[in-house]
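Because the structure is predicted, anything quoted here is derived from the model rather than measured.
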Amino acid sequence: MTALTATVVRLKLSLLRGGLRQSGGRRAAYVVSAVVVLVFAVLQLLGLIALRGHAHADALVVLLVGLLGLGWAVMPLFFPGGDETLDPTRLVLLPLRTRPLVRALLAASLVGIGPLFTVLMLIGAVVAVAHGPAAYVVSVVAVVLALLVCVALARAVAAANVRLLTSRRGRDLAVLSGLVIAVGAQGVNFAAQRLGTAGLGQLDPAAEVVRWLPPASAVGAVDSVSEGAYGLAAGQLAVGAAVLAGLVAVWARSLERLMTAPDGSTLGAAEADARDRRGGSGWVRLLPGGRTGTVMERSLRYVWRDPKTKAAWVTSLAIGLIVPVFNAVQGTGSIYFACFAAGMLGIQMYNQFGQDTSAFWMVALTVSSPRDAYVELRGRALALLVITLPYATLVTVVTTALLGQWPRLPEVLGLSLALLGAMLTTGAWTSARFPYSIPQEGYKNVAPGQTGLAWISIFGGMVAAALLCAPVIAGTIWLNVTVDGELWSWVLLPVGALYGTAITVLGLRLAAPQVAARLPEILAAVSKG
């Protein structure tokens, strides 16, 4: 067992060294990221130590350790490629027993920047709440127990989902990290503002619950010993130990299943694809016939399957909801922030052909006239509306409910629909006039040398969309300054819907000849890089 553990730890170190030897840029990125993480960890350590003696320090550190454990739980889902040893299927051909393998992988998991960061955070947490010799003795046990719970939690989640995480769709889960980061940032901002006005005492009710949830229960045990509640501390440590044992057992069962069961993770997908080829899936049958339905299906499949397209949609959906809702919850928002949802999703109409990359040549072969180009643009716009219309309506209703301004719902929804129509219009036109390539590899969204085109397309189009919305905006202002404005504001809903529809149809018809005439230039631009 000792030999296997040492071998797996050396394997982890070898994988790390091998990755750093691939290029100087990778070494530099690793060193810089390691330094940044360690500096942040040290600052957190000093900050937690400075909390020592504060009346509500226990509540804060318990919640921080709880969030730390949550981070370890979701890390394998969002970053499955961050650690090669998270994939136990690489060891299926080796004659290894489950229990020794669990111990070896657990030891290897303690090697890296993540565990070091966690240890520093845990040390700062226990120092902030430890008072007396007995508390310091328990602190040593608490740090080890909390660290093992975090690592075992990450391993159990990774082993239970490894078939998914190593598939194409599983790797697309990393796209959700943008959503989590966006929501988390707004959540932290909201919580910080509340704490700044109400004080740390607001954390006490939540901390009373979290202090019984591992790994935070280990820190809660240190605080209980400091207060002389030894029985309570023993219970919290027992909960942590029991959860650790349960996680290891779940992890071991997942490993045994992975090492002995055949991989049938792709059978369902193959059968589903076969059904689609035979007659189409249920949602496809709801689409219109002809080229319009084909274009809509292709566009919607891009949204679901293409990582770059999915990332853009997830980000737009998240920000379109977060901005109006969080401002409404904080009491500082305006109901007109609900238009943010339509604006963010309307951006997806920009650079339509660049989203196809080099595959656009297959589309270009089917466009021989402005009529073909119009049907192509119409199908793409309708696919966008399938998602955008219900989503923008939902965000508007939620924002209105949070602010309690129901009489303004029709005018805001009408304004959102007019803005969406303007975005579709300018997006279709800029897609024809200013196309640019989106690299499929890496994190760049614009090919080198085309940054200027991207700026002109997006920001120029957004300015033009704002100008196109001027009549509806002027009507909204006029109704709000008249005496009977609130009585007649409902008119803006049908006006906005009709106006948005009219300018969308007009914009698609004006952009279609541009697409048909500039097909070679568009193909060359979107195929670059």
- prompt: Which heavy atom of Leu153 sits nearest a heavy atom of Gly69, and at what distance?
  reply: CD2-O, 3.5 Å

- request: Apply the test side-chain contact (heavy atoms from CB on, under 4.5 Å) to residues Tyr336 and Glu411: give CA-CA distance (whole Å), side-chain angles for both, the deciding distance (0.1 Å), then the verdict.
  value: CA-CA 9 Å; Tyr336 296 104; Glu411 67 177 82; 2.6 Å; yes

task: For Arg52 and His131, run side-chain contact (heavy atoms from CB on, under 4.5 Å): C-alpha distance rounded to whole Å, both residues' side-chain angles, the deciding distance at 0.1 Å, then the answer.
output: CA-CA 9 Å; Arg52 182 178 174 83; His131 300 283; 3.5 Å; yes

query: Are any of the side-chain heavy atoms of Leu106 and Thr5 separated by less than 4.5 Å?
result: no

task: Mind jotting down which residue pairs meet the salt bridge (charged side-chain N to carboxylate O under 4.0 Å, His left out) criterion with at least one end in residues 140-151? Sequence neighbours excluded, please.
output: none

Hey, can you pull the donor-acceptor pairs under 3.5 Å for the side chains in residues 210-218, sequence neighbours left out?
{"from": "Arg211", "atom 1": "NH1", "to": "Asp223", "atom 2": "OD2", "distance (Å)": "3.4"}
{"from": "Arg211", "atom 1": "NH2", "to": "Asp58", "atom 2": "OD2", "distance (Å)": "3.4"}

- prompt: Hey, are the side chains of Leu420 and Leu385 touching, using non-hydrogen atoms and a 4.5 Å cut-off?
  reply: yes

query: Shortest non-hydrogen contact from Leu317 to Leu345?
result: CD2-CD2, 3.8 Å

message: Within this structure, what is the OG1-CZ distance for the pair Thr399 and Phe326, rounded to the nearest 0.5 Å?
response: 12.0 Å

message: To check you understand the geometry: which heavy-atom pair defines the closest contact between Thr309 and Val303, and what is its length?
response: CG2-CA, 3.8 Å

- line: Per side-chain contact (heavy atoms from CB on, under 4.5 Å), Val39 is matched among Val37, Val35, Val36 by Val35

- prompt: Near Arg99 CZ, under 6.0 Å, is it more than 12 heavy atoms from other residues, nucleotides or ligands?
  reply: no

message: Under the side-chain hydrogen bond (donor to acceptor under 3.5 Å, both in side chains) definition, can you give me all pairs with a residue in residues 114-123, not counting sequence neighbours?
response: Trp72-Thr118

